[in-house]
Amino acid sequence: MKTTIRIVFSFLFLLLGQNLSASSLQIAEGKVEFIALASPGALKISGRQNESQALKGNISVDKDQITGVVFLKLDSLTTGISLRDRHMKENYLEVPKFPECQFTYTKLSLPSDFKGEQIPFEGKLKLHGIERPVSGLVSVEKKESRLSLVHEFKIKTGDFGISTPKYMSVTMGEEVVVKVSLEGNML
Amino acid sequence: MIRHGYANCITCHVSPNGGGLVTSYGRALSQEVLSTWQRENESNFVYGLVKTPDWLNAGGDFRFVQTHLDTPALKSGRFIYMQADVEAAATFGKVTVLTTFGKSNEIEAPRFIDNFMSRRHFVIYQATNEVYFRAGRFQRAFGINLPDHIVGTKRGLGWDFGTETYNLEAAWIGESLDVFVTGIFGRPDNLDLNREKGLALRVGHNLGNTYKAGLSYSYGSNNTARRHLVGPYALLGFRPDLFLLAEIDFQNRQPTAGDKLWGWANYGRLDFEPIQGLHLFLTHDLIRADFKNETTLKRSYGGGIQFFPRAHFEFLGSYQKQGNRLISAEDNDFFWLMMHYYL
């Protein structure tokens with residue numbers, strides 16, 4: 001009898017513990033940056049989102065697993081040159097037609113301790129109306145209830161049905177390095 | 001352009017080392033990020049009135065300057081026509097041929113034909129996205145390729161406007177590193193000019209998106225001397241509206257008759273752009289051919305305003321304290337206004 005009670009209590013405790021450990025990340029700061037190479041002259045075209053509210057998400061941390069979705073309003077992207085921004089949004093990303101991109105975690109297992117090391121992650125990125133699997137590395141840091149995730153991954157514009165960006169005599173390479181930083185409190 | 005993330009000249013210029021004719025992309029960018037006011041397609045060749053085929057790139061530069069010099073012994077003003085050149089480049093696949101043609105700076109040309117000249121003409125072969133070969137008449141790659149050719153690191157070292165030589169150049173222009181190797185063959189078409197023959201090497205390294213630093217070396221000899229030059233340079237784009245250009249070159253010159261001389265040249269420009277197209281700048285430049293001889297010192301320091309109101313136009317006004325120790329122990333006042341119009 002005592003053993004049965006102990007097992008039931010242990011089971012309840014585990015369930016309760018599991019519920020307590022599941023929490024959501026309230027994104028306080030989100031930042032997206034990207035960089036691509038163009039030729040001639042190995043021109044680095046770098047960009048970022050210029051509105052802090054353009055990146056939103058719904059992320060859950062359950063034990064060591066991170067799940068959830070992050071959205072970015074593509075109209076917020078800027079490369080520092082307005083004509084280039086206009087071409088990027090109108091001719092290539094087609095922002096009026098596809099105003100947002102969406103990232104969904106499919107696999108991210110957090111380490112037992114958070115020391116800022118880079119760990120692999122997998123997800124799905126929906127961009128320009130096309131969803132493709134992506135993978136990369138994420139740096140994770142946790143200080144008390146504050147969690148910081150810095151993801152870096154590469155995409156190819158062609159995989160998302162985006163034609164090779166070209167303007168006058170300059171042609172951009174197909175590969176784009178994307179860096180997504182998320183920071184917030186665990187609730 | 002380093003402040004906007006453009007670390008390599010060839011993105012906007014036909015020449016791998018920059019200067020002169022701009023590409024169609026360079027024209028668009030000059031309108032978009034360099035000019036105060038702009039209208040769509042305004043920067044096109046002659047405002048788009050003349051359509052050129054895709055393989056042909058055309059342009060032209062007209063520069064005039066008014067100077068005013070004020071010394072205790074002399075007050076003088078001069079209007080100088082500096083440049084009136086047209087320039088064209090034809091690209092066929094991986095090969096580009098470029099030439100300039102314009103009025104020479106000869107004041108009393110002995111023959112009619114001597115009133116005209118081609119300052120630069122060369123052939124470029126682009127082997128890969130990163131590798132370029134160039135042969136023809138152009139200025140060697142050394143330090144910062146400044147349009148301001150009167151400073152110590154240009155005129156002071158003998159690389160003024162019009163001193164281009166026949167060269168063979170190989171360049172590797174990569175994501176973070178660029179290397180230029182130039183074989184210099186002087187002016188075999190005009191030996192009286194006694195231009196140097198030798199070689200030059202320049203290596204630049206991009207530090208982040210808006211900073212670049214590098215090192216240049218040049219060896220040259222002519223009938224009167226041989227010399228080695230070496231020095232670092234940096235282009236630092238702190239912000240899109242604030243940048244610094246700096247170059248220091250040390251020279252070891254061995255005249256055919258006489259002792260070896262050690263000297264140096266340096267240049268610095270701190271530039272702030274409060275409104276797009278309007279630049280406020282401070283400059284310093286110096287050349288001292290012999291550290292042991294004070295009279296070899298020439299220097300200037302001052303400031304000015306540079307204004308790019310619309311595509312095709314550039315105005316520059318500068319006030320400098322200028323000293324030439326061979327002439328005077330005092331610094332003079334020197335003021336100049338420059339107008340540049342490009343087709």
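Letters go in sequence order (proteins before strands), and every chain restarts at 1. The figures that follow rest on heavy atoms only: side chains count, while hydrogens, waters and symmetry mates do not.
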With a 4.5 angstrom heavy-atom cut-off, is it the side chain or the backbone of A/Leu37 that approaches chain B, or both, or neither?
side chain
Euclidean distance, A/Arg84 CZ relative to B/Tyr25 OH, rounded to 0.5 Å
5.0 Å
In this structure, are over 12 heavy atoms from other groups packed under 6.0 Å from A/Lys89 atom NZ?
yes
Looking at A/Lys166, I want to see if its NZ is surrounded by more than 12 non-hydrogen atoms of other residues, nucleotides or ligands under 6.0 Å.
yes
Is chain B contacted by the side chain of A/Ser39, its backbone, both, or neither, given a heavy-atom distance below 4.5 Å?
side chain
Should we say atom CZ of B/Arg310 is surrounded by more than 12 heavy atoms from elsewhere, each under 6.0 Å from it?
yes
Measure A/Ile45 against the heavy atoms of chain B and call it side chain, backbone, both or neither at under 4.5 Å.
neither
For A/Gln26, look at atom CD and say whether over 12 heavy atoms of other residues, nucleotides or ligands are found less than 6.0 Å away.
no
Output the residues of residues 29-55 of chain B for which the shortest heavy-atom distance to chain A is under 4.5 Å, in residue-number order; output 'none' if no such residue exists.
B/Leu29, B/Glu32, B/Val33
side-chain contact (heavy atoms from CB on, under 4.5 Å) filter on B/Thr91, not counting sequence neighbours, yields B/Thr96
Could you look at A/Ser82 and say if it's the side chain, the backbone, both or neither that has a heavy atom under 4.5 Å from chain B?
both
With B/Tyr211 via side-chain contact (heavy atoms from CB on, under 4.5 Å) - residues at least two apart:
B/Leu207, B/Leu236, B/Phe238
Could you tell me the separation between the OG atom of B/Ser176 and the NZ atom of A/Lys44, rounded to the nearest 0.5 Å?
6.0 Å
Of the non-hydrogen atoms in A/Pro40 and B/Ile10, which two are nearest, and what is the gap between them?
CG-O, 3.6 Å
What parts of residues 155-165 of chain A touch chain B if we use heavy atoms and a cut-off under 4.5 Å?
none
I'd like to know whether CG of B/Leu278 has more than 12 heavy-atom contacts from other residues, nucleotides or ligands below 6.0 angstrom.
yes
If you compare all heavy atoms of B/Asn8 against all heavy atoms of A/Ala42, which two are closest, and at what distance to 0.1 Å?
ND2-CB, 4.2 Å
